[in-house]
**Student:** 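One structure coming up, written as structure tokens, with questions to follow.
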Number of protein chains: 2
Amino acid sequence: MANAKSAQACGCPVAAFQKMISGKYKLRIVWDLQDGPKRYSEIRTGLLRGSSGSAVIAPRVLSRELKALTEQGLIDRKDFGVVPPKVEYRLTRKGKSFVPVIAAIRNWGARHLAEANADQMVAAE
Amino acid sequence: MANAKSAQACGCPVAAFQKMISGKYKLRIVWDLQDGPKRYSEIRTGLLRGSSGSAVIAPRVLSRELKALTEQGLIDRKDFGVVPPKVEYRLTRKGKSFVPVIAAIRNWGARHLAEANADQMVAAE
DNA sequence: CGGTATCCTAGTAGATACTG
DNA sequence: CAGTATCTACTAGGATACCG
């Protein structure tokens with residue numbers, strides 16, 4: 001794959017979307033941040049609810065995804081500049097506008113993918 | 001949080017969704033099939049509209065994605081069993097139910113990702 | 001606490017050639 | 001026409017150690 005701009009300019013938002021959410025935890029991160037700002041370790045811990053095959057998330061991975069989401073303008077990073085470090089991540093307006101899309105995905109997934117165990121409904125979040 | 005038996009049943013449809021659409025062309029394929037059945041080469045040609053950096057799609061890749069979508073129950077493969085070969089792919093009911101989700105994605109993407117170049121709007125399909 | 005620096009593995013996609 | 005076989009390049013993700 002050559003270019004980064006080709007996906008956006010091709011008139012196909014789907015490809016751009018695919019690239020935007022490429023990353024194992026990105027959708028979950030945005031979803032988890034809808035309730036308010038969270039710190040780095042809170043996000044990491046939150047992602048372990050129903051962990052997807054791994055017992056712990058490599059910090060390198062989480063760091064990269066958070067950075068990507070920040071550059072894509074979905075989340076905002078707030079460094080308090082104190083010791084010990086305190087950093088909060090929160091949704092931007094763009095990020096908040098994306099939450100309903102994730103809700104649609106979750107809604108569909110709950111109906112078609114989690115037939116046996118719809119423990120927490122979308123509305124119950 | 002209720003109990004989770006498997007990765008899919010973890011109350012996180014998002015992860016299952018991510019896995020389901022993992023593949024460069026899956027969303028596009030489903031989207032393109034909403035107008036009716038298409039043959040293998042029609043799908044390939046259709047995917048080249050606004051090609052994402054490549055002039056041609058490796059048959060191996062398209063084949064794998066079609067197979068995966070079939071196994072996931074989103075599309076159905078109909079082999080006419082003639083020579084020369086004729087195979088049609090069409091959406092299943094599950095696949096059709098997924099179209100609105102893609103529409104939501106496209107809609108969001110058109111507003112937030114394709115600000116400069118919204119050549120073909122969602123409604124213009 | 002919130003990362004970064006390395007190293008490693010596995011999977012995804014592309015190119016190309018070939019087949020029923 | 002609709003794929004399969006093979007080989008290669010790239011990258012996402014994981015493990016681990018360490019730093020500001």
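Residue numbering restarts at 1 for every chain, and letters A, B, ... go by the order of the sequence lines. Values below: all heavy atoms of this structure, side chains included; hydrogens, waters and symmetry mates excluded.
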**Student:** Using five base pairs at each end to define the local axes, how bent is the helix from dC1(C)-dG20(D) to dG20(C)-dC1(D), to the nearest 10°?
**Tutor:**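 The angle, to the nearest 10 degrees, is 50°.
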**Student:** Using whole Å, report how far CD of Glu88(B) lies from C1' of dG3(D).
**Tutor:**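 Going from CD in Glu88(B) over to C1' in dG3(D) covers 16 Å.
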**Student:** Is any side-chain heavy atom of Leu91(B) closer than 4.5 Å to one of Phe98(B)?
**Tutor:**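 No. Closest side-chain heavy atoms not under 4.5 Å.
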**Student:** Give me the residues of residues 60-73 of chain A where at least one heavy atom lies under 4.0 Å from an atom of DNA chain C, by number, or none.
**Tutor:**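 Those residues whose heavy atoms fall under 4.0 Å from DNA chain C, taken from residues 60-73 of chain A in numerical order, are Arg60(A), Ser63(A), Lys67(A).
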**Student:** I'd like to check Glu65(A) versus Val61(A) (side-chain heavy atoms, cut-off strictly below 4.5 Å). Are they in contact?
**Tutor:**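 With C-beta onward as the side chain, the pair touches.
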**Student:** May I ask you to decide whether Arg77(A) forms a salt bridge with Asp79(A), counting only side-chain N to carboxylate O separations under 4.0 Å?
**Tutor:**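 Yes.
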**Student:** Between dC1(D) atom C1' and Arg39(B) atom CZ, what is the distance in whole Å?
**Tutor:**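 One finds 7 Å between C1' of dC1(D) and CZ of Arg39(B), rounded.
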**Student:** With a non-hydrogen cut-off below 4.0 angstrom, is Tyr89(A) in contact with a base, only sugar-phosphate, or nothing?
**Tutor:**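 Tyr89(A): backbone/sugar contact only, no base atoms under 4.0 Å.
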**Student:** Roughly how many Å is it from CD1 in Ile57(A) to P in dG13(D), rounded to a whole number?
**Tutor:**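 The distance from CD1 of Ile57(A) to P of dG13(D) comes to 11 Å, rounded to the nearest Å.
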**Student:** Please examine the side chains of Leu33(A) and Tyr89(A), heavy atoms only from C-beta on, and report whether any two atoms are closer than 4.5 Å.
**Tutor:**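 SC-SC contact between Tyr89(A) and Leu33(A) confirmed.
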**Student:** Tell me the interatomic distance from Glu42(A), atom CD, to dG3(C), atom C1', rounded to whole angstroms.
**Tutor:**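 Rounding to the nearest Å, CD of Glu42(A) and C1' of dG3(C) are 16 Å apart.
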**Student:** Give the nucleotide from the list dG3(D), dC1(D), dA15(C) with an atom nearest to the side chain of Ser41(B).
**Tutor:**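 Per side-chain heavy atoms of Ser41(B), the pick is dC1(D).
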**Student:** Compare the minimum distances between each of dC1(D), dG3(D), dG2(C) and the side chain of Pro85(B), then state the nucleotide with the smallest one.
**Tutor:**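 So the side chain of Pro85(B) is nearest to dC1(D).
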**Student:** Indicate yes or no: at least one non-hydrogen side-chain atom of Gln72(B) is less than 4.5 angstrom from one of Lys26(B).
**Tutor:**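 Side chain of Gln72(B) against side chain of Lys26(B), heavy atoms only: contact under 4.5 Å found.
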**Student:** To the nearest angstrom, how far is Gln18(B) atom CD from dG13(D) atom C1'?
**Tutor:**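 The distance from CD of Gln18(B) to C1' of dG13(D) comes to 13 Å, rounded to the nearest Å.
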**Student:** Kindly check if the number of other-residue, nucleotide or ligand heavy atoms within 6.0 Å of CZ (Arg90(A)) is above 12?
**Tutor:**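 Atom CZ in Arg90(A) is not crowded, with 12 or fewer foreign heavy atoms closer than 6.0 Å.
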**Student:** Between atom CG of Asp76(B) and atom CG of Leu69(B), what is the distance when rounded to the nearest 0.5 Å?
**Tutor:**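 Rounded to the nearest 0.5 Å, the CG-CG separation comes to 12.0 Å.
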**Student:** In this structure, how many angstroms lie between the P atom of dA12(D) and the OH atom of Tyr25(A), rounded?
**Tutor:**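 That distance rounds to 14 Å.
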**Student:** Measuring from the side chain of Pro59(A) (C-beta onward, heavy atoms only), which nucleotide among dG3(C), dA15(D), dG20(D) has the closest atom?
**Tutor:**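 Nearest to the side-chain atoms of Pro59(A), counting from C-beta on, is dG3(C).
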**Student:** When you get a sec, tell me which of dG3(C), dG3(D), dA15(C) is the closest nucleotide to the side chain of Arg77(B)?
**Tutor:**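 My answer, after comparing the listed nucleotides, is dG3(D).
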**Student:** Starting at OH of Tyr40(B) and ending at C1' of dC1(D), how long is that distance when rounded to a whole Å?
**Tutor:**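 So the two atoms are 10 Å apart, to the nearest Å.
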**Student:** Do the side chain of Ser22(A) and the main chain of Lys19(A) share a donor and acceptor less than 3.5 angstrom apart?
**Tutor:**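 Here the side-chain-to-backbone pair exists.
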**Student:** When the distance from CZ of Arg44(B) to P of dT4(D) is rounded to whole Å, what number comes out?
**Tutor:**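 Atom CZ in Arg44(B) sits about 13 Å away from atom P in dT4(D).
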**Student:** To check you understand the geometry: which heavy-atom pair defines the closest contact between Ser97(A) and Trp108(B), and what is its length?
**Tutor:**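 Of all heavy-atom pairs spanning Ser97(A) and Trp108(B), the closest is OG-NE1, 2.9 Å.
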